[in-house]
Amino acid sequence: MMDHKPFSGSYVSGDVDFLLQPVNIEMTPVEVKEELIQSGKRHYSDMLSQEPEPTTWHLDLFEKALETGSTRLATEVIMLAKSLIERFGDTPIILTSLVRAGVPLGVMLQQTLRKMGKTAYHYGISIIRDRGIDSEALSWIEQRHGTEGIVFVDGWTGKGAITGELIRSLSGRKGYPAQPRLVVLADPCGCAWLSASDEDWLIPFGIMGAPVSGLISRSIWTEEGFHGFVDCQHLKQYECSRYLVDTVGNVVDTLIDNDIPLATFKEQQSDLKKLSENVVNSLAKKYDISNINRIKPGIAEATRAVLRRVPDHILVREITDPDVALLVYLAQEKNIAVIEAGQALGQYRAVTIIKKVK
């Protein structure tokens, strides 16, 4: 097994230990990448497009989302932390964040658990759809901590693909329950083990990429060693990972002694999972989509898809909903019509459908 040299990206040392290795990879233009993915010639995790610089408008919206959402974020992080402490007792908690979307939440949880006097460790590891979790990175964690205290952290659920990937990845490993211990802020899909809410809302770090993720890229598949990443130094001037967690951490300090309820453990999948499947299936039928990976439900997933992929349709429940303002703005920039779909989106407030290009 390779030696791991701990690194924390642009986070403070001790807030997260990324189990990734730097790789050199030629950037693939978004349109070319889309064609290669859909034709089956290349897997999405073999390629990377240069992450675009956020516009002033995008940065302003992130700032507003954080200003509006910091109290909710802090409250929900405390809810999750309290629930984990109650569930694990004296066992140290091993936060294993799924790169990238899980990392900001993992850092906030790590800081909050420490403030509550709980021993916790935090790692960022890769999981890739169709290819599974980074087995070498997980083994590295298991050798140091065992499996008893491991919880997997992600920002939110979309349609449950990562939960499915976790189930497949862990099924052959000893020491894990049948239902993965997946902790998220928002679980509109109803497939997490612990969540603060089921609501599809504008999570501030859901609408930014590398600048809120320690300045690292999405993970890259590698044959040997830890999965790879690219250092996104071209976005250094927009870096706001520490700003995000410090802002929320300051609010946590004011709320931590309040009587905040516990978050909800879900010992089995909820009715939301069925509703999510119904929404996805009805959209697949309506838009003649054979591969549901082209359907990205939820504000965060829908926004990321517009930034990283080639969108065909953007659906929102209400076009005037301030939580989808960035999505509407990005759609206008790319000359894509935004369709107001109302209750057809079920529990989701936005869905992006990726264009069929092959």
Side-chain angles (χ1 to χ4, degrees), residues 54-82 100-109 111-112 115 153-158 183-188 192 195-213 238-256 258-261 263-264 296-307 314-333 338 340 345 347-352:
T55 62
T56 306
W57 204 90
H58 190 162
L59 292 166
D60 284 349
L61 201 86
F62 168 74
E63 186 69 53
K64 282 194 193 109
L66 185 54
E67 197 179 304
T68 310
S70 58
T71 300
R72 176 171 185 170
L73 263 176
T75 304
E76 296 193 349
V77 166
I78 293 169
M79 288 166 68
L80 294 170
K82 283 172 73 170
R100 290 183 306 183
V103 173
L105 176 59
V107 171
M108 293 176 207
L109 279 171
Q111 292 181 347
T112 306
K115 287 170 185 176
V153 181
D154 210 351
W156 54 84
T157 60
V183 179
V184 297
L185 265 181
D187 185 26
S195 70
S197 86
D198 295 330
E199 191 189 343
D200 180 20
W201 66 286
L202 185 67
I203 297 168
F205 61 84
I207 58 171
M208 292 279 270
V212 291
S213 309
Y238 307 105
E239 207 293 312
C240 47
S241 309
R242 291 189 190 186
Y243 170 64
L244 167 76
V245 298
D246 289 348
T247 302
V248 175
N250 289 337
V251 185
V252 165
D253 291 341
T254 67
L255 298 175
I256 203 162
N258 292 8
D259 189 18
I260 290 171
T264 312
K296 304 293 182 186
I299 294 169
E301 288 301 306
T303 304
R304 285 165 175 243
V306 176
L307 289 166
I314 295 171
L315 316 176
V316 297
R317 201 191 293 166
E318 290 175 39
I319 208 153
T320 54
D321 178 357
D323 278 21
V324 300
L326 178 63
L327 203 51
V328 173
Y329 162 77
L330 292 169
Q332 287 166 346
E333 272 200 326
V338 178
E340 196 167 58
L345 300 190
Q347 66 266 54
Y348 301 107
R349 284 155 79 179
V351 176
T352 291

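Only heavy atoms go into these numbers, but all of them, side chains included; no hydrogens, no water, no symmetry mates.
- In this structure, A210 and S241 approach most closely via the heavy-atom pair O-OG, 4.3 Å.
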* Full working for side-chain contact (heavy atoms from CB on, under 4.5 Å) between L73 and F205 -> CA-CA 10 Å; L73 263 176; F205 61 84; 4.1 Å; yes
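- Residues S197 and R72 form a side-chain contact, since some pair of their non-hydrogen atoms from C-beta on lies under 4.5 Å apart.
- The main-chain N or O of G158 is found under 3.5 Å from a side-chain atom of Y348 such that the two form a donor-acceptor pair.
- A distance of 9.5 Å separates CG in D187 from OG1 in T264, rounded to the nearest 0.5 Å.
- The line from CG of L255 to CG of D259 is 12.0 Å long, rounded to the nearest 0.5 Å.
- The two residues W201 and R349 make their nearest non-hydrogen contact at CA-NH1, 3.7 Å.
- Contact detail for P211 and Y238: the closest heavy-atom pair is CB-O, 3.4 Å.
- Contact record, L80 with A196: CD2-N, 3.7 Å, taken as the closest heavy-atom pair.
- Within the 4.5 Å cutoff, no side-chain heavy atoms of F62 are placed close to those of P54.
- A distance of 12.5 Å separates CD in E63 from OG1 in T56, rounded to the nearest 0.5 Å.
- Side chain of T55 to backbone of H58: a donor-acceptor contact under 3.5 angstrom is found.
- A 4.5 Å side-chain heavy-atom check between M108 and L244 finds at least one atom pair inside the cut-off.
- Distance alone, capped at 3.5 Å, is enough to place a donor-acceptor pair between the D321 side chain and the D323 backbone.
- For the side chain to side chain contact (heavy atoms under 4.5 Å, CB included) criterion with E76, the lone passing option out of T71, L185, L105, I260 is L185.
- A distance of 12.0 Å separates OG1 in T303 from CE in M208, rounded to the nearest 0.5 Å.
- Between the side chain of K296 and the backbone N or O of V306 there is no donor-acceptor pair closer than 3.5 Å.
- Summarising the geometry, atom CZ belonging to R100 is positioned 12.5 Å from atom CG belonging to D154; distances are rounded to the nearest 0.5 Å.
- The shortest heavy-atom contact between S195 and A263 is O-CB, 3.4 Å.
- The two residues E340 and R317 make their nearest non-hydrogen contact at CG-O, 3.4 Å.
- The only member of L307, L326, L327 that meets side chain to side chain contact (heavy atoms under 4.5 Å, CB included) when paired with I207 is L326.
- Side-chain contact between V248 and L66 is present, with heavy atoms from C-beta onward closer than 4.5 Å.
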* Might you work through the side-chain contact (heavy atoms from CB on, under 4.5 Å) test for V252 and Q111, ending with a clear yes or no? => CA-CA 10 Å; V252 165; Q111 292 181 347; over 6 Å; no
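- Rounding to the nearest 0.5 Å gives a distance of 10.5 Å between CD1 of I78 and CG of L109.
- Looking only at distances, no side-chain donor or acceptor of D200 sits under 3.5 Å from a matching main-chain atom of P188.
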